Amino acid sequence: HVRRYDVAWLAYSPPRRGTVYTMLQEHGLNIAPNAWGEQRHNILTQSACMVTAHQLDDFHCMPPLRLALCAAYHLPYISETPFTIAPFTHDHVLTADYGQLADSVAYWTRRMPEQDLREYGHGLFEYLCIENTFRKTVERAL
């Protein structure tokens with residue numbers, strides 16, 4: 001697929017997120033619009049990564065639906081640093097603190113070799129869609 005966007009944001013932007021969104025724009029990053037259906041599919045296949053910042057100052061978690069979506073699309077996931085990334089590792093996701101998130105995204109999308117960035121999306125796919133499918137997870141628990 002042709003890379004059309006630097007960032008898939010796909011989130012509403014309350015003030016905390018809006019600050020990061022504005023900083024991404026100030027870096028000149030091409031941010032995909034929010035969309036549904038076929039347009040969302042196209043965005044996810046044409047973006048270098050998905051980026052998110054936490055909604056609240058005191059609740060920093062990994063969003064399972066975003067992670068599943070990124071895994072399905074082999075899309076690198078970049079997040080503001082959560083309380084923990086477990087069970088994931090830094091082979092699966094990229095994180096940066098709130099104040100450095102936009103700078104880090106700009107670096108990873110513009111200066112990191114594109115193949116190196118893509119490896120995070122492939123790693124996330126392998127972890128969630130091959131190594132830890134629902135069936136395998138249930139069978140390990142039995």
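No experiment lies behind these values; they were computed from the predicted model shown. Only heavy atoms go into these numbers, but all of them, side chains included; no hydrogens, no water, no symmetry mates.
Here CG of Asp91 is found 7.0 Å from OH of Tyr120. Values are rounded to the nearest 0.5 Å. Here Asn34 contributes atom CG and Ile43 contributes atom CD1; the two are 7.5 Å apart, rounded to the nearest 0.5 Å. Within the model, atoms CD of Glu114 and OG1 of Thr109 stand 10.0 Å from one another, a figure rounded to the nearest 0.5 Å. Put simply, CD on Glu26 and OH on Tyr21 are 12.5 Å apart, with the number rounded to the nearest 0.5 Å. A distance of 11.0 Å separates CG of Leu44 from CD of Gln39, quoted to the nearest 0.5 Å. With rounding to the nearest 0.5 angstrom, the NE2 atom of His41 is 5.5 Å from the CD atom of Glu38.
Both Val7 and Trp108 are assigned to one and the same hydrophobic cluster, defined by single-linkage of ILVMFWY side chains at heavy-atom distances under 4.5 Å. Tyr5 and Val20 fall into different hydrophobic clusters, where Ile, Leu, Val, Met, Phe, Trp and Tyr side chains are chained together by heavy-atom contacts under 4.5 Å. Under a hydrophobic-cluster definition in which Ile, Leu, Val, Met, Phe, Trp and Tyr are linked whenever side-chain heavy atoms come within less than 4.5 Å, directly or via other members, Val93 and Ile78 are assigned to different clusters. In the hydrophobic clustering of this structure, Ile31 groups with Tyr107; members are Ile, Leu, Val, Met, Phe, Trp, Tyr whose side-chain heavy atoms approach within less than 4.5 Å, directly or through other members. Phe125 and Tyr73 fall into different hydrophobic clusters, where Ile, Leu, Val, Met, Phe, Trp and Tyr residues are linked whenever their side-chain heavy atoms come under 4.5 Å apart, directly or through other members.
You'll find the side chain of Glu126 reaches within 4.5 Å of the side chain of Glu131, heavy atoms only. By the 4.5 Å heavy-atom criterion applied to side chains, Thr19 and Tyr98 are counted as neighbours.
Across all non-hydrogen atoms, the minimal contact from Ser79 to His54 is OG-CE1, 3.9 Å. Annotation for Leu67 and Phe88: closest pair CD1-CE1, 3.7 Å, computed over non-hydrogen atoms. When all heavy atoms of Thr95 and Pro82 are compared, the closest pair comes out as CG2-CD, 3.8 Å. Residues Met62 and Thr84 approach most closely at CG-O, 3.6 Å, considering heavy atoms. In terms of heavy atoms, Cys70 sits closest to Pro76 at SG-O, 4.4 Å. Here the closest non-hydrogen pair linking Cys49 and Val51 is SG-CG2, 3.7 Å.
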Could you list the donor-acceptor pairs under 3.5 angstrom formed by side chains in residues 99-106, with sequence neighbours left out?
{"residue": "Asp103", "atom": "OD1", "partner": "His27", "partner atom": "NE2", "Å": "2.7"}
{"residue": "Ser104", "atom": "OG", "partner": "Gln100", "partner atom": "O", "Å": "2.9"}

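Inspection of the Arg140 and Asn132 side chains reveals an N or O donor paired with an N or O acceptor under 3.5 Å.
Of the possible donor and acceptor atoms, none in the side chain of Arg16 sits under 3.5 Å from a partner among the backbone N and O of Gln55. Remark: the backbone N or O of Glu80 is not paired with any side-chain donor or acceptor of His60 at under 3.5 angstrom. Formation of a donor-acceptor pair under 3.5 Å by the Arg66 side chain with backbone atoms of Leu10 is found in this model. For Thr45 (side chain) and Asn42 (main-chain N/O), a donor-acceptor pair under 3.5 Å exists by modelled atom type. Without hydrogens or angle criteria, Asn30 side chain to Asp6 main chain gives no donor-acceptor distance under 3.5 Å. A donor-acceptor pair is defined here as one N or O able to donate and one able to accept, closer than 3.5 Å; such a pair exists between the side chain of Thr81 and the backbone of Asp97. In this structure a side-chain-to-backbone donor-acceptor pair under 3.5 Å is present from Thr137 to Thr133.
Aromatic ring orientation, His92 versus Tyr127: tilted (interplanar angle from 30° to 60°). Using cut-offs of 30° and 60° on the angle between ring planes, the pair His74 and His122 is perpendicular.
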Please determine whether side chain to side chain contact (heavy atoms under 4.5 Å, CB included) holds for the pair Leu69 and Tyr77, giving the CA-CA distance in whole Å, both sets of side-chain angles, and the decisive distance to 0.1 Å. CA-CA 10 Å; Leu69 191 60; Tyr77 176 76; over 6 Å; no
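By the neighbour-count criterion of 12 heavy atoms within 6.0 Å, atom CZ of Arg4 is sparsely surrounded, having that number or fewer from other residues, nucleotides or ligands. The local environment of CG in Leu65 is sparse, with at most 12 non-hydrogen atoms from other residues, nucleotides or ligands closer than 6.0 Å.
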